[in-house]
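See structure below.
These figures come from a predicted structure and were not determined experimentally. Reminder, nothing fancy here: chain letters follow the sequence lines and each chain counts from 1.
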Protein chains: 2
Amino acid sequence: MGVNPESKKSKKVGSGRRATLKEVAAEVGVSVATVSNAYNRPDQLSEELRVRIFEAAKRLGYSGPDPLGRSLRKRRAGAIGVLYADRLSYAFTDPAAVMFLEGVSFAAEEAGLGLFLVPGGSGTSGVGEGVLSASVDGFVVYCVSAADPLIGAVIERRLPVVLVDDPSRESVTSIGIDDEGGASAAAEHLAGLGHRSFAVVSFKLTLEPDRGLADHARQESANNEDTRSRLRGYKTAIEAAGASWEDVPVYECPENTPEEGKAAAEVLLGREPRPTAILTLSDQLAFGVMEAARGLGLSIPGDLSIVGFDDVSEAARTTPPLTTVYQPHVEKGLKAGRKLIAQLEGEDPGEPELLPTRLVVRGSTASP
Amino acid sequence: MGVNPESKKSKKVGSGRRATLKEVAAEVGVSVATVSNAYNRPDQLSEELRVRIFEAAKRLGYSGPDPLGRSLRKRRAGAIGVLYADRLSYAFTDPAAVMFLEGVSFAAEEAGLGLFLVPGGSGTSGVGEGVLSASVDGFVVYCVSAADPLIGAVIERRLPVVLVDDPSRESVTSIGIDDEGGASAAAEHLAGLGHRSFAVVSFKLTLEPDRGLADHARQESANNEDTRSRLRGYKTAIEAAGASWEDVPVYECPENTPEEGKAAAEVLLGREPRPTAILTLSDQLAFGVMEAARGLGLSIPGDLSIVGFDDVSEAARTTPPLTTVYQPHVEKGLKAGRKLIAQLEGEDPGEPELLPTRLVVRGSTASP
DNA sequence: CAAATTTACTTAAACGTTTAAGTAAAACGT
DNA sequence: ACGTTTTACTTAAACGTTTAAGTAAATTTG
């Protein structure tokens, strides 16, 4: 009886104050513990009381225990955090990152956990602000170089962590791919086709990125392990083919976008002697290189061979389709997520894992 | 003096018990309130004490107030939830969804909030489980049809909500696009080229999706408003061109993937008379249709015209490039996010907004 | 110099839950 | 009929914070 509060629609959904366990308990005339049990351990009360509680809850507009209260008490946020070095919105721009997230989200769903995306980029406030204020049970750290102070913030939080694409800090579980193997396979492939004049388009090398040719010292100072490994792979294969690594220009792009790749290629292709093959650290960069080549009237692979890295789905559909190094992005994300979840459950996350890469030869490479 | 606990590395990072405000307070010999103030209101204590507190915190491995405790007390989770109807991992598979998320994440970052991805799909547990247990301050509801019980779960939580691509329930703010206008422009374009024999490839029409031709009754029963609007747009334009809507087969795909689009096209193109033009509700489906046409030896646009919907970036790069209806995915996400945030801050989220669509004519359409 | 203000803290309640431990009554076993 | 187990609850503490209100001492003010 009485006025049903639901019957009188409030102006805006969401404006109504949420009811609490306590209020429901008062309404029914039982203790809060019993109401809590109604939701969490039905066997602890009579069926009849349980329905009465649910009725009262509905009457009061109570939708079940508040996740925050519950999380605090249970000491489980029910979510895993993915830390991304840059602005979050960039992550959605990079197909490789998106595939990685697909894998992580699969693992999270599997375990009934939510996915909390944590921005690392200097947004509103100080370094690591996002990390320090995220309600999560653990972190998957993606695309953050070992030197980044963000890592410090993560470690400080003393939550389980999985580092992706960066070597195990001592005692932190990690997962990565065979960057060096993939890169050297790429360069070997070009060398095998007869190329001797190479150029490389790289990610940013340090936390203070530069745009332009990177000398040897700068290459050495790269603090992203995947970047280092790929450069090493190129170097090994190129030297094995009898060419000099000293002679191959490495252009550093501050961001991993086709635009940057294009700008890089325009510089590299303007040099003498003009390189006959360009190795890029990502497909995104490679797409830009292709565009630059088109703009300069160079035919691919006739005048210029290009090989990318990542094998994002678009790589198969460019004209010509891009020769590139495949890496299992989704699987990497999935395994990273599972390793983290294993830690959450007190299980052994297993050894640091290196997933295989594989050269995929398509149409962007040919003899010079 | 004494043993510095930090000097003795624990076996695994993350295993160490987190210190609390209380412990830091005890260590320094002050009240918890003071320690809290050291972090949140530096003006409330002397600089000297503040440093001492931070030193003690560092000594104990305290990385600042726990987000959960803080959120509970402040009644702010510090995150906005994005509810996606399907499995989360599917979201990352759909370029349109990814762009939308890019927009939302931008808005979240702008406001210093995290992004919590909430799975709607029937994962571990019951309907709305994810919704009911997500620690968020509000929801952006994406890709969920008005009829879905998930919406009920969201409403029940009485948090601020923004509905995307679905008409305002009374008193819920929403944002969408001009689906009908875009669809009719697409069909008009084809009619203007002289086409009279159409077919449509649609998303799933109801919560219980079917794969196959959908009769008129089923079309009418579609419960996703964007689907309904697009079909309505096609119908209007096709009838305006003097053709009969009754004659255009509508094929329903249970999922929005190229594979489903391909299967649909294979059926549609096997019918007599063979349609000369296919309208698809998304680019993903259109890609599948193109593949099917290729498989059947039909040339595009010679033997078959195709127009998609969404204008994802890949649409510009297929061969031939796809004629499609552009919609501002990123902007839609951005505005959805901002509307939600406005509500969180007690501001007016503004009127339900309809963003414009625009036909982008490329190479996949021509006269029959 | 006494009163008023400011500084630098502390006290205690609240945020919304879960859960171990306790209790009183009902049901059971012999 | 009496001890034992089971059922159906309640009590109270804890989870880690923030913050309004309070207090005592130091400083300023007229």
Practice task
For Arg50(A) and dC9(D), give me the distance from atom CZ to atom C1', rounded to whole Å.
Solution key: 15 Å
Problem - Pairing of Lys332(B) and Asp165(B) as salt bridge, 4.0 angstrom limit - result: yes
Practice task
Check whether any side-chain N or O of Ser46(A) sits under 4.0 Å from OP1 or OP2 of dC9(D), and answer yes or no.
Solution key: yes
Practice task
Indicate for each nucleotide in nucleotides 16-23 of chain C, in 5' to 3' sequence, whether protein heavy atoms under 4.0 Å reach the base (B), only the sugar-phosphate (S), or nothing (-).
Solution key: BBBBS---
Practice task
Report which part of the nucleic acid Ser31(A) touches: base, sugar-phosphate, or nothing (heavy-atom distance under 4.0 Å, all strands).
Solution key: base
Practice task
Could you tell me how the ring of Tyr62(A) sits relative to the ring of Tyr39(A): parallel (under 30°), tilted (30 to 60°) or perpendicular (over 60°)?
Solution key: perpendicular
Exercise for the section: For residues Ile151(B) and Val141(B), determine if any side-chain heavy atom of one lies less than 4.5 Å from a side-chain heavy atom of the other. Expected result: yes
Handout entry: Between Ser133(A) and Arg70(B): side-chain donor-acceptor atoms closer than 3.5 Å
Key = no
Practice task
Indicate whether the side chain of Ser105(A) and that of Arg87(B) have a donor and an acceptor atom separated by less than 3.5 Å.
Solution key: no
